[in-house]
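Residue numbers begin at 1 in each chain, while the letters A, B, ... track the order of the sequences.
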Amino acid sequence: MSDSQDAPAEANHPHSAEHAIIEARRAKAERIRARGDNPFANDVAARAAGCVTCDIAEVRALAASAEQGGRYATDQVEAVAAGKTLHVRGRVVALRSTGGLSFIRLRDRTGELQLLLSEEKMGAEYTRLHDLDLGDFLEAEGALTASKRGELSIEPLRIRIITKALRPPPEKWHGLQDVEARYRQRYVDLVANPAVADVFRARSLIVRATRKALDDTGFLEVETPTMHTLIGGAAAKPFVTHHNALDMQLFMRIAPELYLKRLVVGGLERVYEIGRNYRNEGISTRHNPEFTMLEFYWAYATYETLMDFTEQLLRSIDAALASAMPGPHATWTKARSFALDEPFARVAMNDAVAAAAGKTGIAAWVAPALHGGGAGLVNLLRDDFTGSMKEWSKSSARAKQIDWSNFRKGMARCDNDGERLFACYEYLSEPFLTEDYRAADGARSLPVFIKDYPFETSPLARRNDARPELVDRFELFVHGRELCNAFSELNDPDDQAARFRDQVDKKSRGAEETMDFDEDYVRALEHGMPPAAGFGMGMDRLCMMLTSQASIRDVILFPLMRQRAE
RNA sequence: GGGCUGAUAGCUCAGUCGGUAGAGCUGCGGACUUUUAAUCCGUAGGUCGCGGGUUCGAGUCCCGCUCGGCCCA
């Protein structure tokens, strides 16, 4: 908590430069009023008879046939638009004057267009420029033309400032660089840094393409509660809230899983939800307290079905992005260090651990890992870890990169061999996924499905029929980052009840991230849930991956920030 | 929570060994009828994040705090 006193708001400080700039703009707004215009106008329909209101993209489309190599010939432009008067509106993002001739770059949602203003043509209208600032919204009516340099332009006979911007935009060349200001004042970021707006256009397309892929596969989109009475569906700490009228404690959901599976019981055999989840945990470049997740449940499918579907889904989303935003997509793909276009690796956790153990070059590990796989290594480490750790940690370059101290602590906390195998995976395999699994070109990493998890680590997944110590589960890692988690669903109500009891036991022994016993969910399973497979994917992480953004805050419009005394 | 790192004009950034706080953009005034970060002349704009300390003297050195960033947990 901050007990700092309220600092004087800088903009109100009568001597600050910011204050002077705002006052200068306010004075212009007053001049506009004095002239009889509204500096915050609402009546923005075209005025001149026969004048057509156009988006900027429509203006460009009209002149498309006159374009050659990005340049427009004046006579051709004037020929295609002969006799037309166009009405455009947008924000003024650049403003230059050479005296009797001025150039304005106008931006709307569809693009940018130059206005070429001539004092000779406009007469008294031209003086309205004196009240214009960068950032203002302007409307203009005039004929289409091209400048001497071949830039498509409208040559207005009439202009009007329709919204006065009282604050100045950031520096025109560098934009807004201050990361904190970019997140706190996203409205400025979006105007000043067009590449940022592209990322959020991409986000919308990604979500739309995801919906389309699922809708086309016969899924039903549903909405389930985000306020829960029990903690369930994932291992995470919830936000706690309270309903006054019912005097009831509620948890903001950490996952929609248990509700979606109730719907599968109810006969909605393919359901999905794309929605916000809340986890009361730390903030990092990969974690925001609220985040968007896709979950779907698919009756009569198995986790094997889902691996195929996942590959196809990711490729189709990326293709949709490429076709809708070819320019930005090319830039993002260039920055990608992973391959989406060849089959993803599929590796059982036991094998992944054994392979990673082999790569450490630790002599004592070779035989157990070779003959017993990851489980063989677990047998060795359970009995002899601390004594040999020092010597092992120096065995090879790979061994030196392992986080031995946390590995040791993690192993010590484990209650059983399943958890130990998972710990081995976490410290020996996962940090090296990008170097161990490479695309055919060798230059990019290959996405990898790590599958067949120990059942102890997965309280909602179905046991493997042949090997009951495992569950039919996978996680997908793209360039070392967890993107998806999926499994064949546990539908045996008695087994599910036993696993809930185990979670409750763990909680009573002090574990923090456990699920509550959900009696209603067990009752639902008692009514019968068909065999099904379920899937979860972080949409924010998917956006990061496809648009090559390093931080989750770059794909969330308003990431959570600490409060700041203003 | 830990390590590293940052905060100087509205914006983007300099600021050397501790010695008068700088530039560009923006703003304001002026010139200019084909600009593309226009150009040129003039001018204004500062609680150097906040609070202590050392010193004749602190943007600069030391301590604490606030708010970020990166890495780790």
Side-chain angles (χ1 to χ4, degrees), chain A residues 1-28 70-74 92-107 112-123 126 129-136 145-153 155 165-185 188-189 191-193 281-287 401-410 413 426-427 431 550-554 559-566:
Chain A
M1 287 296 261
S2 160
D3 60 353
S4 64
Q5 296 163 8
D6 289 347
E10 278 166 45
N12 298 329
H13 195 274
H15 302 300
S16 78
E18 188 176 19
H19 177 81
I21 289 169
I22 290 171
E23 283 313 304
R25 285 173 174 247
R26 234 185 258 286
K28 289 179 191 173
R71 290 174 63 103
Y72 295 78
T74 308
V92 174
V93 294
L95 176 56
R96 288 179 286 275
S97 176
T98 64
L101 198 66
S102 294
F103 302 87
I104 287 171
R105 196 160 76 239
L106 201 67
R107 179 192 294 167
E112 296 183 355
L113 183 70
Q114 179 165 277
L115 305 180
L116 195 165
L117 301 101
S118 156
E119 184 167 25
E120 190 188 352
K121 291 228 165 141
M122 294 179 73
Y126 193 78
L129 279 176
H130 297 150
D131 300 327
L132 184 68
D133 287 302
L134 280 174
D136 290 353
T145 185
S147 72
K148 273 188 184 164
R149 298 282 183 89
E151 173 134 2
L152 186 65
S153 307
E155 194 168 31
L166 294 181
R167 288 177 182 269
E171 213 257 359
K172 64 185 167 189
W173 189 239
H174 300 92
L176 183 64
Q177 297 296 319
D178 184 282
V179 181
E180 187 178 349
R182 287 187 43 227
Y183 296 150
R184 289 188 192 274
Q185 300 179 40
V188 182
D189 188 31
V191 175
N193 303 319
E281 294 163 1
I283 293 177
S284 78
T285 47
R286 290 183 296 283
H287 300 88
Q401 291 177 58
I402 292 166
D403 182 354
W404 289 96
S405 98
N406 283 312
F407 184 20
R408 181 176 58 79
K409 285 181 206 156
R413 274 197 299 270
E426 225 179 338
Y427 290 98
S551 169
I552 199 168
R553 291 182 211 100
D554 294 324
L560 185 68
M561 304 287 278
R562 214 180 285 269
Q563 270 192 310
R564 190 166 209 193
E566 295 251 10

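Residue pairs meeting the side-chain hydrogen bond (donor to acceptor under 3.5 Å, both in side chains) criterion with at least one partner in residues 93-102 of chain A, sequence neighbours excluded, are A:S97-A:S102, A:S102-A:Y126.
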I would like to know whether A:L132 and A:L95 meet side-chain contact (heavy atoms from CB on, under 4.5 Å); could you show each step before the answer?
-> CA-CA 9 Å; A:L132 184 68; A:L95 176 56; 4.1 Å; yes
Begin from the C-alpha positions of A:L106 and A:Q114 and carry the test side-chain contact (heavy atoms from CB on, under 4.5 Å) through to its verdict.
-> CA-CA 6 Å; A:L106 201 67; A:Q114 179 165 277; over 6 Å; no
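Atom CD of A:E112 is separated from atom C1' of B:rU35 by 15 Å (rounded to the nearest Å). Summarising the geometry, the separation between CD on A:E120 and P on B:rU34 is reported as 12 Å, rounded to the nearest angstrom. For the pair A:R96 CZ and B:rA37 P, the computed distance is 7 Å after rounding to whole Å. As rounded to whole Å, 12 Å separates atom P of B:rC11 from atom CD of A:Q177. Summarising the geometry, the separation between CG on A:D178 and C1' on B:rG49 is reported as 12 Å, rounded to the nearest angstrom. Counting to the nearest Å, the P atom of B:rU26 and the CD atom of A:E171 are 8 Å from each other. In this entry the distance linking CD of A:Q185 with P of B:rC11 reads 9 Å, nearest Å. To the nearest angstrom, P of B:rC67 lies 5 Å from CZ of A:R562.
On the P atoms, B:rA58 is 39 Å away from B:rG29, given to the nearest whole Å. Distance noted for atom P between B:rG64 and B:rG45: 37 Å (whole Å). Between B:rG24 and B:rA44, the two P atoms lie 13 Å apart (nearest whole Å). B:rC11 and B:rC4 are spaced 28 Å apart, taking the C1' atom of each and rounding to whole Å. Atom name P, nucleotides B:rU12 and B:rG52: the rounded distance is 29 Å, in whole Å. Comparing the P positions of B:rG42 and B:rU66 gives an interatomic distance of 47 Å, to the nearest angstrom. The C1' atoms of B:rU39 and B:rC25 are separated by 15 Å, rounded to the nearest whole Å. Comparing the same atom, P, in B:rA9 and in B:rC72 gives a spacing of 32 Å after rounding to whole Å.
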Can you give me the N/O atom pairs linking the protein to nucleotides 27-29 of chain B at distances under 3.5 Å, or say none if there are none?
residue: B:rC28; atom: OP1; partner: A:K28; partner atom: NZ; Å: 2.3

Quick test: give all pairs of protein nitrogen or oxygen and nucleotides 71-73 of chain B nitrogen or oxygen below 3.5 Å, distance rounded to 0.1 Å.
residue: B:rA73; atom: OP1; partner: A:D403; partner atom: OD2; Å: 3.1

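Counting heavy atoms from C-beta on, the side chains of A:M122 and A:L117 come closer than 4.5 Å. Contact check for A:K28 versus A:D133: side-chain heavy atoms found under the 4.5 Å cut-off. Side-chain contact between A:V92 and A:L115: absent, with no pair of heavy atoms (C-beta onward) separated by less than 4.5 Å. Looking only at side-chain heavy atoms (C-beta outward), A:Y72 and A:T145 stay at 4.5 Å or farther from each other. The shortest distance between side-chain heavy atoms of A:K409 and A:N406 falls below 4.5 Å. Side-chain contact between A:E155 and A:L116 is present, with at least one heavy-atom pair separated by less than 4.5 Å.
Using a 90° window around 0 for the glycosidic torsion, B:rC40 falls outside it and is classed as anti.
Between A:R182 and A:D189 there is a salt bridge, with a side-chain nitrogen of the basic residue lying less than 4.0 Å from a carboxylate oxygen of the acidic one. Checked for salt-bridge contact, A:R71 and A:E151 miss the test: no charged N lies under 4.0 Å from a carboxylate O.
Heavy-atom distances to RNA chain B give each of A:H174 and A:Y183 a nearest nucleotide, and the one nearer the 5′ end belongs to A:H174. A residue-by-residue look at A:F103 and A:A94 shows that A:F103 has its nearest nucleotide of RNA chain B further toward the 5' end.
Looking at heavy-atom distances under 4.0 Å, A:R553 makes contact with sugar-phosphate atoms alone, never a base.
Closest to the side chain of A:L101, from the set B:rG45, B:rC11, B:rU34, is B:rU34. In this structure, of B:rG10, B:rU34, B:rU33, it is B:rU33 that holds the atom nearest to the side chain of A:S118. When distances run from any side-chain atom of A:R184 to the nucleotides B:rU33, B:rU34, B:rG68, the shortest one goes to B:rG68.
Within the 4.0 Å cut-off from OP1 or OP2 of B:rU36, at least one side-chain nitrogen or oxygen of A:R149 is found. Distances shorter than 4.0 Å separate none of the side-chain N or O atoms of A:R105 from OP1 or OP2 on B:rU36. For the OP1/OP2 pair of B:rA38 and a distance below 4.0 Å, the side-chain nitrogens and oxygens of A:K172 include at least one atom meeting the criterion.
At a cut-off of 3.5 angstrom, the base of B:rU36 holds at least one donor-acceptor pair with the side chain of A:E151. Checked by distance alone, A:S147 brings a side-chain donor or acceptor within 3.5 Å of a matching partner on the base of B:rU35.
Side chains of A:H174 and A:E171: a donor on one and an acceptor on the other come within 3.5 Å.
For A:R107, the side chain to side chain donor-acceptor pair (under 3.5 Å) partners two or more places apart in sequence, or in a different chain, are A:E112. Residues passing the ring pair (Phe, Tyr, Trp, His ring centres under 6.0 Å) test with A:Y427, sequence neighbours excluded: A:F407.
Helical stems of RNA chain B (runs of at least 3 Watson-Crick or G-U pairs, donor-acceptor distances under 3.5 Å) are listed by first residue: B:1-7 with B:66-72, B:10-13 with B:22-25, B:27-31 with B:39-43, B:49-53 with B:61-65.
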